Undergrad: 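First the structure, then my questions, so here it is.
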Amino acid sequence: MYTSGKYSSRGPALIPRMKTKHRIYYITLFSVVLLGLIATGMFQFWPHSIESTADWTLDKRSVHDAPLIRLPVSSPIPERGDLSCRMHTCFDVYRCGYNPKNRIKVYIYPLQRFVDELGVPISSTGLSREYNDLLSAISDSDFYTDDVTRACLFIPSIDVLNQNSLRIRETAQALAMLPRWDKGMNHLLFNMLPGGPPDYNTALDVPRDRALLAGGGFSTWTYRQGYDVSIPVYSPLSADVDLPERQPGPRHYFILSSQTAIHREYRAELERLKEENGEALLLLDKCSNLSQGAASARKRCYKGQVYDYPQILQESSFCVVLRGARLGQAALSDVLQAGCVPVILADSYILPFSEVLDWKRASVVIPEEKLSEMYTILKSIPHRQVEEMQRQARWFWEAYFSSMKAIGLTTLQIINDRIYPYAARTYEQWNNPPVVKWSSVNSPLFLPLIPPRAPGFTAVVLTYDRVESLFRVITEISKVPSLAKLLVVWNNQNKSPPEETLWPKISVPLKVVRTKENKLSNRFFPYDEIETEAVLAIDDDIIMLTSDELQFGYEYFNYLYTYKMPGDIKNWVDAHMNCEDIAMNFLVANITGKAPIKVTPRKKFKCPECTAIDGLSLDQTHMVERSECINKFASVFGTMPLKVVEHRADPVLYKDDFPEKLKSFPNIGSL
């Protein structure tokens, strides 16, 4: 028992000492392992370069905390900007790669303060509230990534929304210093107020290499179709004023003009319209008896009477949006918010998001020279259509104009759709409100059995030297409601096209393509500028067609001709460059079982500039071949669908004694 007791007495004394030694050892070992794990985690998740950035919160983007970058005078300056840039030439789509969500990844550069060698900032305003809101919205979206190696698109934190606040040269130098600039490849700049006095260019004057531009005042001459994105000019009133949605219907005023900086000639014309139409038109101006400031910006006056702005816009069916020094106007956003149908008079203006939005459903575009006819034009629009346009105008604002977030994310979605076209939004998704009100739906018995006409068609006019006739054709085609774009193929290598100022002023984009060789097949070349499925190929001497006839033809059978023509008829027509009109008549007659609507026009062919050697149709073999194609087409159809007829029946009340406003196409068949 003694020995046992002795052991027992030592045992308890020795065991605690051994536990203490092991405890120190294990604590030390655990601490080393823990520190190793922490270090590994920091190495794994800490930014690997100065380009990486944490979440973009307002506090993190404080200008005062941003590093100061001094620009040497000798810093490189980007090139002016390549007007020929397209997505397949100036954008590296392979950076975007494939991902299951079909969504591009966007990287935002960390904020930096750029100054010149004397310490003067490149911008007088720094980071504006609007641009901060834009970057915050993008950083909170599914597009954003803070991993620069995964980015498909890069957005500088340099604020170029308002060119008035920028030093052009120094801003360009700052862009060129961005680590991933690479001549602007895959970079996106947002600008809403381009140009400056006296010319007010319609695109940002900052040299930007190949960067994409989301611009708020593009014209048809500066907009790179399918590359740039036309965006609205944001109105600060969108955030400051709450205008509850108003039900569509008649308003107190028929037309309202609320802009204050209108050119005196336009102001005089509006005053004349006011005299002619009285209380139907309200012509407002700035209030001279109020002190300048934020309060006066939200007031408008007429003969001493003060109106709240933009609330007064809700009291009119139509609201005028005239061009100012710049094409893009914030008034367009105010008008849409009020549910007032904008009447846009700004020749060559590329409407915001027109790549995807069908503006014919929400606005009326009138050439500036037609301002005197505005009242008559608007009166011809049916009341039901006006109500639909009011509803659509308000929805456009809510979905795409109401905030910098809406503008920024819409821009990215458009670019996303270009890169992943198989997953792109449809026309209906872009243009139909998510909740359809039954009052706005037509009876299904009258719904069209063809694709919607909203995407429109591109008119391709082949020309050589007949400028007078060409301009007449352009003027007439531009009146067609479904025209989306007009492309002139200049086939004369020995003579330059007319100067920009001489071309007709039209409300859709007008582009001139100069060919390298005088070939007739140039009219069928798949030019990058053509983005619609439907294309109207027309010569520069076809001046007898009216806009109603072109619209009537477009609405019905172009889809069937393109996708449902039997056999090899389309290939035959393309190979022989003949008989496309006969093929169309075969198709229509076969489907409807009726005689051709109109084969030989009553009006005479008129081309004062044509000579005996100008036209294909003057070749004797041309008519012989047309007889052959009739036999060819009849064999393909298995029958002769054409019927002999001597009666001309116009389905649109052409000859009946009806009021003009009841005729859908009053100008069909006119001589």
Side-chain angles (χ1 to χ4, degrees), residues 200 202 217-221 233 251 253-286 300 302-303 309 312-313 315-336 338 340-352 354 359-360 362-381 385-386 389-390 393 471-472 474-481 483 486 500-510 547 660-661 667:
Y200 286 98
T202 56
F218 282 120
S219 73
T220 56
W221 298 98
V233 179
R251 307 285 169 84
Y253 302 102
F254 184 63
I255 302 174
L256 187 147
S257 172
S258 62
Q259 291 169 274
T260 59
I262 298 178
H263 192 278
R264 60 179 179 274
E265 292 182 3
Y266 295 145
R267 174 72 63 179
E269 190 61 51
L270 289 171
E271 290 175 349
R272 188 188 65 80
L273 286 172
K274 169 69 175 174
E275 293 177 1
E276 293 178 354
N277 301 287
E279 297 300 321
L281 193 151
L282 179 61
L283 179 57
L284 301 177
D285 202 348
K286 63 182 178 181
R300 296 291 188 271
Y302 175 70
K303 291 186 176 180
Y309 181 88
I312 186 59
L313 298 175
E315 301 300 323
S316 183
S317 298
F318 295 96
C319 293
V320 179
V321 180
L322 271 162
R323 67 177 299 161
R326 295 181 173 92
L327 284 175
Q329 297 290 311
L332 176 60
S333 180
D334 297 337
V335 168
L336 293 174
C340 184
V341 180
V343 183
I344 302 169
L345 297 102
D347 293 349
S348 77
Y349 177 40
I350 302 295
L351 288 169
S354 55
W359 279 98
K360 294 184 179 68
S363 68
V364 180
V365 179
I366 299 177
E368 293 173 26
E369 63 179 13
K370 300 286 187 180
L371 176 58
S372 60
E373 304 173 29
M374 177 176 62
Y375 187 86
T376 303
I377 293 172
L378 299 181
K379 272 296 184 182
S380 67
I381 302 176
Q385 184 177 347
V386 174
M389 296 170 78
Q390 290 172 334
F471 284 1
R472 291 179 62 185
I474 290 175
T475 301
E476 189 61 35
I477 294 178
S478 67
K479 301 175 185 177
V480 182
L483 179 67
L486 204 151
E500 175 185 342
T501 56
L502 300 178
W503 289 79
K505 305 298 183 184
I506 61 177
S507 58
V508 298
L510 170 63
S547 58
E660 287 292 316
K661 65 180 180 180
N667 203 25

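The shown structure was predicted, so the numbers you read here are calculated from the model rather than taken from an experiment. Quick note: numbers below take in every heavy atom, side chains included, and nothing from hydrogens, waters or symmetry partners.
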Undergrad: Is it true that Ser348 and Ser219 share a donor-acceptor pair across their side chains at a distance under 3.5 Å?
TA: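 Absent: no donor and acceptor within the cut-off.
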
Undergrad: Shortest non-hydrogen contact from Gly328 to Tyr349?
TA: CA-OH, 3.7 Å

Undergrad: Between the side chain of Arg300 and the main-chain N/O of Ser258, is any donor-acceptor distance below 3.5 Å?
TA: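 Yes, Arg300 side chain to Ser258 backbone: donor-acceptor pair under 3.5 Å.
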
Undergrad: Between Glu369 and Lys505, does any side-chain N to carboxylate O distance fall below 4.0 Å?
TA: no

Undergrad: Assess the residue pair Val508 and Leu510 against the criterion (side chain to side chain contact (heavy atoms under 4.5 Å, CB included)); give the C-alpha distance rounded to whole Å, side-chain angles, the decisive distance to 0.1 Å, and a yes or no.
TA: CA-CA 6 Å; Val508 298; Leu510 170 63; over 6 Å; no

Undergrad: If we only count heavy atoms from C-beta on, is the Ile262 to Ser257 side-chain gap below 4.5 Å?
TA: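 Yes; the side chains approach each other to less than 4.5 Å.
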
Undergrad: Which salt bridge (Lys or Arg N to Asp or Glu O under 4.0 Å) pairs, counting each pair once, include a residue from residues 275-284, with sequence neighbours left out?
TA: Arg272-Glu276

Undergrad: Taking all non-hydrogen atoms of both residues, which atom of Tyr266 and which atom of Leu371 are closest, and how far apart?
TA: CD2-CD2, 3.9 Å

Undergrad: For the residue pair Leu345 and Met374, what are the closest heavy atoms and their distance?
TA: CD1-SD, 4.4 Å

Undergrad: Under a 4.5 Å cut-off applied to non-hydrogen side-chain atoms, are Gln329 and Gln259 in contact?
TA: yes

Undergrad: For the pair Phe254 and Tyr375, name the ring-plane relationship: parallel under 30°, tilted 30 to 60°, perpendicular over 60°.
TA: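 The rings of Phe254 and Tyr375 stand perpendicular, inter-plane angle above 60°.
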
Undergrad: Taking all non-hydrogen atoms of both residues into account, name the closest pair between Arg267 and Thr260 and its distance.
TA: NH2-O, 4.0 Å

Undergrad: What's the verdict on side chain to side chain contact (heavy atoms under 4.5 Å, CB included) for Leu351 and Val365, showing C-alpha distance, side-chain angles and the deciding distance?
TA: CA-CA 10 Å; Leu351 288 169; Val365 179; 4.0 Å; yes

Undergrad: Tell me whether Ser333 contacts the main-chain N or O of Ala330 through its side chain, where contact means a donor paired with an acceptor under 3.5 Å.
TA: no

Undergrad: Picking from Val343, Leu256, Leu313, Ile344, what satisfies side-chain contact (heavy atoms from CB on, under 4.5 Å) with Val335?
TA: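 With Val335 as partner, Val343, Leu256, Leu313, Ile344 yield a single side-chain contact (heavy atoms from CB on, under 4.5 Å), made by Leu313.
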
Undergrad: Would Arg326 and Tyr200 count as a cation-pi pair here, with the cationic atom under 6.0 angstrom from the ring centre and within 45° of the axis?
TA: no

Undergrad: Taking all heavy atoms of Ala362 and all of Val341, pick out the closest pair and write down the distance.
TA: O-CG1, 3.8 Å

Undergrad: Can you find a pair of side-chain heavy atoms, one from Ile474 and one from Trp503, that are under 4.5 Å apart?
TA: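 When only atoms from C-beta onward are counted, Trp503 and Ile474 do touch, with a gap below 4.5 Å.
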
Undergrad: Any donor and acceptor pair, going by atom type alone, linking the side chain of Gln390 with main-chain N or O of Cys340 inside 3.5 Å?
TA: no

Undergrad: Dump the intermediate steps for salt bridge (charged side-chain N to carboxylate O under 4.0 Å, His left out) on Lys370 and Glu373, then the final yes or no.
TA: CA-CA 5 Å; Lys370 300 286 187 180; Glu373 304 173 29; 3.7 Å; yes

Undergrad: For residues Ile350 and Thr202, determine if any side-chain heavy atom of one lies less than 4.5 Å from a side-chain heavy atom of the other.
TA: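 With C-beta onward as the side chain, the pair stays apart.
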
Undergrad: Strictly distance-based, threshold 3.5 Å: is any side-chain N or O of Ser478 a donor or acceptor partner for the main-chain N or O of Thr475?
TA: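 Yes.
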
Undergrad: Quick check: closest heavy atoms across Ser372 and Leu273, and the distance to 0.1 Å?
TA: O-CD2, 3.6 Å

